[in-house]
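Heads up: the structure comes next, in structure tokens.
Below, all heavy atoms of this structure are taken into account, side chains as well, without hydrogens, waters or symmetry copies. Every number for a ligand or one of its atoms is a count from 1 in the order of the listing.
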Amino acid sequence: MSEENKVEDVIIIGSGPAGLTAAIYAARANLNPLVIEGYTAGGQLMWTTEVENFPGFPEGKMGPDLMVDFRAQAEKFGTRFITEDVTMVDFKQSPFLVEVDDKTFRAKSVIVSTGATAKLLNIESERRMMGHGVSTCATCDGAFFKNKIICVVGGGDSALEEAVFLTRFASKVYLIHRRDKLRASKIMQDKAFKNEKIEFIWDSEITEVFGDKKVDSIMLRNLKTDVHTKLVLDGVFVAIGHTPNAKLFEGQLDFDHQGYLHTAQKGSKTNIEGIFACGDVQDHVYRQAITAAGSGCMAAIDAERYLESIPDDAE
Ligand code: NAP
């Protein structure tokens, strides 16, 4: 039977901690999972430095290294990988259809673990200067800003973590937040407040990023006073949260009010029997690698039980 005519037991879409944990569990349950890992495989930990809170690594572990290990563990038990992006799904027919560019796969069950993507400020000059001094990834681009002046936008854990990390390279880091209170955890706040290279700019937003081939300054607006101030700097790191990667499933799966996939309160079941969701695409509360991995395990167990419950020849 050709790969395309075969009906897979389970297809896993996405390859972050959730998808790869689902793959490890599904593979060990002899479900021979097929992971469509995407061109930018590995999820958000690929853009992280040291992960200090993943249990089992008292010395910490680099995010990309952790994902290499996740993948190797899934592969060891027989997981197959397709390094392409899914372009279309049809969950309205059974078996379910999952398409990549030029191939269609069929499956009795699907685990969706497509994660989330960094949000942008949505100003025209931000898009124009992306990769020319504007970045959403401190880990990837921090080293380009040795002895430079940069800013980080946001008031959550990500923004503060990135600001602290970027002080390894930059001579000065402005932390620009739209309110006068941070959302970040107390421990992150303490770290950032203690860092002499970080200067906080409160109640402010960026209205424009200036520069020809690379960023040379920004325009700030104080949201309380409406005063505009130009700030000379070399780089802008945007760290204002994430959007779930769920567009592919519009019209087929149920969403919650924040645009994340809706799953049953206990477990990973979506509104369609046989389709499961795990990780950041369905979790806007915890969003941690460990919770994503845990929910991936749940999704694989849910898929395994679902497959046991349907007739062997079910298509
Ligand atoms: P977040 O907690 O949602 O924070 C987003 C921040 O960006 C908020 O301060 C928000 O301002 C600001 N913001 C949102 N939209 C904006 C806009 N259009 N313009 C300007 N500012 C904007 O997101 P996150 O920091 O990425 O964290 C996500 C989750 O991951 C959290 O649960 C966090 O605890 C966790 N996390 C944990 C760690 C760690 O433990 N090491 C590291 C990173 C992230 P407001 O405060 O005004 O809403």
Checklist entry - Does H177 have a non-hydrogen atom less than 4.0 Å from ligand 1? => result yes

Item to check | Atoms of ligand 1 close to N53 [distance to a heavy atom under 4.0 angstrom, numbered from 1] | outcome: 40 (O)

Next on the checklist: Just checking F105 against F96, ring centres under 6.0 Å apart?
Outcome noted: no

Item to check | Numbering as shown, the atoms of ligand 1 that approach G241 to under 4.0 Å (heavy-atom distance) | outcome: 23 (O), 26 (O)

Checklist outcome for this item: the protein heavy atom lying closest to atom 19 (N) of ligand 1 turns out to be L121 CD2, 3.8 Å

Next on the checklist: Does I201 form a side-chain contact (heavy atoms from CB on, under 4.5 Å) with L231? I'd like the steps, not just the answer.
Outcome noted: CA-CA 11 Å; I201 300 179; L231 189 64; 3.8 Å; yes

Next on the checklist: Within ligand 1, which atoms have a heavy atom of R179 less than 4.0 Å away?
Outcome noted: 45 (P), 46 (O), 47 (O)

Next on the checklist: My understanding is that we take every heavy atom of each candidate and find the minimum distance to atom 25 (O) of ligand 1. Doing that for A184, S204, A159, S158, which one comes out nearest?
Outcome noted: S158

Next on the checklist: Less than 6.0 angstrom from the centroid, inside 45 degrees of the normal: does K230 satisfy that with respect to the ring of F210?
Outcome noted: yes

Checklist entry - Among protein heavy atoms, which lies nearest atom 35 (C) of ligand 1, and at what distance? => result Q288 NE2, 3.2 Å

Item to check | Distance-only polar pair, side chains of N147 and S171, donor-acceptor under 3.5 Å | outcome: no

Next on the checklist: For the 3.5 Å polar cut-off, considering only N or O atoms, please tell me whether R178 and ligand 1 meet it.
Outcome noted: yes

Item to check | Closest candidate by heavy atom, reference atom 18 (N) of ligand 1, pool I240, V238, T291 | outcome: I240

Next on the checklist: Could you check, using the six-membered ring where one of them is a Trp, whether F255 and H262 have ring centers closer than 6.0 angstrom?
Outcome noted: no

Next on the checklist: For K197, I'd like to know if atom NZ has over 12 heavy atoms of other residues, nucleotides or ligands within 6.0 Å.
Outcome noted: yes

Checklist entry - Quick one: which ligand 1 atoms are inside 4.0 Å of a heavy atom on R287? => result 3 (O), 28 (C), 29 (C)

Checklist entry - Does K119 come within less than 4.0 Å of ligand 1, judged by its heavy atoms? => result no

Next on the checklist: Quick test: of every protein heavy atom, which one is nearest to atom 34 (O) of ligand 1, and how far off is it to 0.1 Å?
Outcome noted: D157 OD2, 2.5 Å

Next on the checklist: Angle between ring planes, W202 versus F193, binned at 30° and 60°: parallel, tilted or perpendicular?
Outcome noted: tilted

Checklist entry - Out of R183, E161, E52, whose heavy atom sits nearest atom 4 (O) of ligand 1? => result R183

Checklist entry - Does the ring center of Y174 lie less than 6.0 Å from the ring center of F200? => result no

Next on the checklist: G155 versus ligand 1: do any nitrogen or oxygen atoms come within less than 3.5 Å of each other?
Outcome noted: yes

Checklist entry - Has the side chain of Q288 got a donor or acceptor atom that lies under 3.5 Å from a matching backbone atom of Y286? => result yes

